[in-house]
Amino acid sequence: MLDRLMLYLSYSFVRYALIVGVLIALCSSLLGVTLVLKRYSFIGDGLSHVAFGAMSVATVMKLSSNTILVLPVTVLTAIILLRAGQKATLKGDAAIAMLSVSSLAVGYMLMNIFSGSSNVSGDVCSTLFGAMSILTLSVEQVWISLILSVAVVTIFILMYNRLFAVTFDENFVRASGMEADRYNTIIAVVIAFIIVLGMNLVGSLLISALVILPTLSAMRVMKNFRSVVYFSAISSVIAALFGMLISIFTNTPVGSTIVIVDMAVFIVCSIIGRVLNR
């Protein structure tokens, strides 16, 4: 098996896939802690559906890179949801649910009407649940993923203290004179980056699992914010690596395999947490 692994790693496309997969898993886990604690978990799911709709439009327009359209649309939607959602007539979860189902419906309709592919159902399924396209990444796509990942990690490191404050006590942040809305906007932009990054790996329907599951696993065994962030990042990267390797060896869907490994980690952490609490 080791010889077989070394053979696979000798191919550049496998190395590209592993690098991008690790970067996506790392970025997803970092912001997942803030999302879960602020009860924004459902936003990741809603934005992934919006990204699917934008990707469908980009496909119909035959753009050279879907990211050109998908990224700005997802970022704009995230900002609107977090900044204007509380002031709008349609609030919170209702707005996210409406955007989710509408984007899915519009995206699927566009791909059926205008798609030049003879396998529309297969294309839609691959976009929603991920596909082996992670193994066909170009050098340009790898660099885009690398740049976006570095941006996400840099923002998280530089804004760590402020994100910590906004996560636990937003009213205190406002009372201290800091602009909580600005930090919420930054969180929204970073979430959008992560969603767009993760769609190539696990698909638009499963990306929220990469954001939420590592955090929930970490919270079962760790007791403070910093340790939860560290544990979440490490477990997410390991799960992504194992999931991708299992997928390559067994020819199973990449996205589903990674999520199943994350789920297994969550179950193990839950058991460990119960034992430690006793």
Side-chain angles (χ1 to χ4, degrees), residues 16-38 40-41 43-48 50-51 54-55 65-79 81-83 130 134 137 140-167 181-204 206-216 218 225-226 228-241 244 255 258 262:
Y16 291 160
L18 292 175
I19 291 171
V20 172
V22 166
L23 291 174
I24 292 171
L26 175 62
C27 294
S28 301
S29 62
L30 291 179
L31 263 292
V33 181
T34 297
L35 287 183
V36 170
L37 292 175
K38 286 177 71 67
Y40 286 168
S41 304
I43 286 182
D45 197 44
L47 288 178
S48 66
V50 172
M55 183 173 287
S65 175
N66 290 336
T67 309
I68 297 173
L69 179 65
V70 177
L71 184 59
V73 169
T74 309
V75 168
L76 181 61
T77 305
I79 293 173
L81 284 175
L82 288 185
R83 290 291 300 273
I134 188 70
L137 293 173
E140 177 187 356
Q141 290 173 311
V142 174
W143 274 108
I144 291 174
S145 299
L146 180 61
I147 292 170
L148 291 179
S149 299
V150 169
V152 170
V153 174
T154 302
I155 290 171
F156 183 84
I157 293 173
L158 294 177
M159 304 289 294
Y160 176 82
N161 291 330
R162 294 172 179 83
L163 291 177
F164 176 85
V166 170
T167 298
D181 289 339
R182 177 188 298 176
Y183 303 132
N184 283 329
T185 301
I186 293 173
I187 292 173
V189 171
V190 174
I191 294 167
F193 278 15
I194 292 170
I195 296 300
V196 174
L197 274 173
M199 284 184 65
N200 280 332
L201 182 64
V202 296
S204 60
L206 299 179
I207 181 59
S208 57
L210 278 188
V211 176
I212 297 170
L213 280 176
T215 298
L216 295 180
F225 186 81
R226 188 183 296 271
V228 167
V229 170
Y230 287 156
F231 188 96
S232 175
I234 294 171
S235 64
S236 181
V237 168
I238 293 174
L241 273 175
M244 294 184 69
I258 293 175
D262 271 316

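All heavy atoms count here, side chains included; hydrogens, waters and symmetry mates do not.
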pair Ile24-Val20: side-chain heavy atoms closer than 4.5 Å: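 Ile24 vs Val20: side chains touch.
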Please report the interatomic distance [atom1]([X]) to [atom2]([Y]), rounded to the nearest 0.5 Å.
X: Met159; Y: Ile186; atom1: CE; atom2: CD1; result: 3.5 Å
X: Cys27; Y: Leu210; atom1: SG; atom2: CG; result: 11.0 Å
X: Ile191; Y: Thr77; atom1: CD1; atom2: OG1; result: 12.5 Å
X: Ser232; Y: Ile212; atom1: OG; atom2: CD1; result: 11.0 Å
X: Ile258; Y: Leu241; atom1: CD1; atom2: CG; result: 9.0 Å

Under the side chain to side chain donor-acceptor pair (under 3.5 Å) test, which residues partner Arg162, sequence neighbours left out?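 Arg162 satisfies side chain to side chain donor-acceptor pair (under 3.5 Å) with Tyr183 once adjacent residues are dropped.
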Under the side chain to side chain contact (heavy atoms under 4.5 Å, CB included) rule, what do Val152 and Phe156 come out as? Steps first, then yes or no, please. CA-CA 6 Å; Val152 170; Phe156 183 84; 5.5 Å; no
Under the side-chain contact (heavy atoms from CB on, under 4.5 Å) test, which residues partner Ile234, sequence neighbours left out?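 Partners of Ile234 under the side-chain contact (heavy atoms from CB on, under 4.5 Å) test: Ile238.
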For Tyr160, does the OH atom sit with more than 12 other heavy atoms under 6.0 Å from it, leaving out its own atoms?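 Yes, OH of Tyr160 has more than 12 neighbouring heavy atoms, counting only those of other groups under 6.0 Å.
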Verdict with reasoning, Leu148 to Leu23, per side chain to side chain contact (heavy atoms under 4.5 Å, CB included): CA-CA 9 Å; Leu148 291 179; Leu23 291 174; over 6 Å; no
Validation: residues 29-36 side-chain donor-acceptor distances under 3.5 Å, sequence neighbours left out:
from	atom 1	to	atom 2	distance (Å)
Ser29	OG	Ala25	O	3.2
Ser29	OG	Leu26	O	2.8

Considering all heavy atoms, the nearest Ala78-Ala192 contact: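 Here Ala78 and Ala192 meet closest at CB-CB, 4.3 Å.
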Looking at Val211 and Thr215, what are the two nearest heavy atoms and their distance?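 Here Val211 and Thr215 meet closest at O-OG1, 3.5 Å.
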Judged by atom type as modelled, is there a donor-acceptor pair below 3.5 Å linking the side chain of Ser236 to the main-chain atoms of Ala233?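 Judged by distance alone, no pair lies under 3.5 Å.
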